[in-house]
Amino acid sequence: MKRLHDPRWFLILMFLGVIAIVPLVQVMKEVRQGSGVRALEIFAQAPTSENLRSYEHNLEKANWFAHWTRPWLHFAQFRWLKDGAEKVVIGHSGWYFYKPGLNYMLARREIQERANKTNDPVTAIVHFRDQLAAHGIQLIVMPAPNKESIYPDRVSSRAESLHGVMAPGTRELLTALRAANVEVIDLFNVFGEAREQSAPGSHTPLYLAQDTHWSPAGVALAAKNAARRLTELGWIQPGSVEYAERPAPVQRYGDLVRMMQAPQIERSLKPETVPTVQVIRCDTNQPYKDEAEAEILVLGDSFMRVYQHDEPNAAGFIAHLAKELKQPLMSLVNDGGGSTLVREELAARPVFLQNKKVLLWEFVERDIGLGLKGWQRTPLPPPPAKSALVQGSAQVIALR
């Protein structure tokens, strides 16, 4: 009888009760909904490994208890354990980082190669460069540094003396591209110098604390350096279109906050105030817009989308590069698809290449080792006959 008065017995009985009640309530809910008892679906198909995985996935997807408790568990991990769950690493001073980006930085090269069989970025980039050359278009590549590459000191206080770390895979890529005579805009060096040259306590962050993407300061610095490199090469001459800037600050929760998938976490934090700057065309007093007949085509991922196609609009890299070059651009953006998907989209819409002199291709650093679909060689259609140029230009205008 003494054992029954032991508080550990109460916890054991409560735990066993939860184990028994959860599946019972789940069955009752499914019967009431008329959807059938999902636990019995295992008897309706052959017990192959594929069917068993599908069965397990369906059970987890339909589990009301898991859906109810998961956000609270994520909140508890965040609040008490400083754990950002599957995708987020909690840094210090309110900074968060994307775990796959850190994994890319820290993983050994052979592990990355095993994880991605099509991971040969140099071959894919050189192949793309040569295809564009057949169209009379110059290629310049601009990898966007991972946030943790520029701010390793915000990941951990043990790295507080570091103002930039380049992953071995990134260093190898930049070296190989230069050896292959592929033009590269090196933002790693540019951003690192900006940190080093700032007076103590005066540095304006180049990335957002709650987000994977660069800040308005990072956007402006990247655009200035891209414009300077294009004009230094003599590929582009500054145009005659005048643009002005207009402050358009926004408040937003970063994508890293949303990745933790817990409304409780969002409610416990304040949205980040982002001092975005909109680009306005002086002759129309309207926010910047792409133009189909532009000489420059920009390909990219969410680093090209942020502030440009979401709030406040016309305040991202594309608009600021247009301001620096005094001419409108054309752009094609695919979130998360900077390595291969955006090139596939271009191959399916070759009319975007009409009248172009330069293609600036941005992709985030982590895609060097972890890009969706790897780095596939994506064939572009051959250059069109001259008789098709007028029709092609009309199609581009219709697309925009």
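Atoms considered below: every heavy atom in the structure, side chains included; atoms not considered: hydrogens, waters and symmetry mates. Residue numbers run from 1 in the order of the sequence given.
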What distance separates Thr170 OG1 from Phe188 CZ, expressed to the nearest 0.5 Å?
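Result: 5.0 Å between the selected atoms.
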Kindly indicate, with the supporting measurements, whether the criterion side-chain contact (heavy atoms from CB on, under 4.5 Å) is fulfilled by Glu362 and Asp301.
CA-CA 7 Å; Glu362 175 276 328; Asp301 51 30; 2.8 Å; yes
Strictly by salt bridge (Lys or Arg N to Asp or Glu O under 4.0 Å), give each pair with a member in residues 328-343 just once, sequence neighbours left out.
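For residues 328-343: Arg305-Asp335.
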[X] vs [Y] side-chain heavy atoms within contact, under 4.5 Å:
| X | Y | value |
| --- | --- | --- |
| Pro205 | Trp95 | yes |
| Asp255 | Val257 | no |
| Glu183 | Gln138 | no |
| Leu353 | Ile137 | yes |
| Lys87 | Tyr98 | yes |

Would you list the atom pairs, donor with acceptor, under 3.5 Å between side chains in residues 128-135 and any protein atom, with sequence neighbours excluded?
| residue | atom | partner | partner atom | Å |
| --- | --- | --- | --- | --- |
| Arg129 | NH1 | Ala180 | O | 3.2 |
| Arg129 | NH1 | Asn181 | O | 3.1 |
| Arg129 | NH2 | Ala180 | O | 3.4 |
| Gln131 | OE1 | Leu380 | N | 2.5 |
| Gln131 | NE2 | His127 | ND1 | 3.2 |
| Gln131 | NE2 | Thr378 | O | 3.0 |
| His135 | NE2 | Pro381 | O | 2.9 |

Residues two or more places apart in sequence or in another chain: which of them pass side chain to side chain donor-acceptor pair (under 3.5 Å) with [X]?
| X | answer |
| --- | --- |
| Gln237 | none |
| Tyr288 | Asp290 |
| Thr231 | none |

Report the C-alpha separation of Met304 and Val298 in whole Å, then their side-chain angles, then the decisive distance to 0.1 Å, and conclude whether the side-chain contact (heavy atoms from CB on, under 4.5 Å) test is met.
CA-CA 8 Å; Met304 297 294 98; Val298 177; 3.6 Å; yes
Could you give me the CA-CA distance, side-chain angles and deciding distance for Val333 and Val342, then say whether side-chain contact (heavy atoms from CB on, under 4.5 Å) is met?
CA-CA 7 Å; Val333 176; Val342 75; over 6 Å; no
Mind listing the closest non-hydrogen atom pair of Ala319 and Gln308 along with its distance?
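Shortest heavy-atom separation between Ala319 and Gln308 comes out as N-OE1, 3.1 Å.
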side-chain hydrogen bond (donor to acceptor under 3.5 Å, both in side chains) between Arg281 and Gln286, worked out
CA-CA 6 Å; Arg281 184 161 173 153; Gln286 294 297 312; over 6 Å; no
Taking only residues two or more places apart in sequence, or in another chain, which ones meet Glu311 in a salt bridge (Lys or Arg N to Asp or Glu O under 4.0 Å)?
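Salt bridge (Lys or Arg N to Asp or Glu O under 4.0 Å) check on Glu311 returns nothing, list empty.
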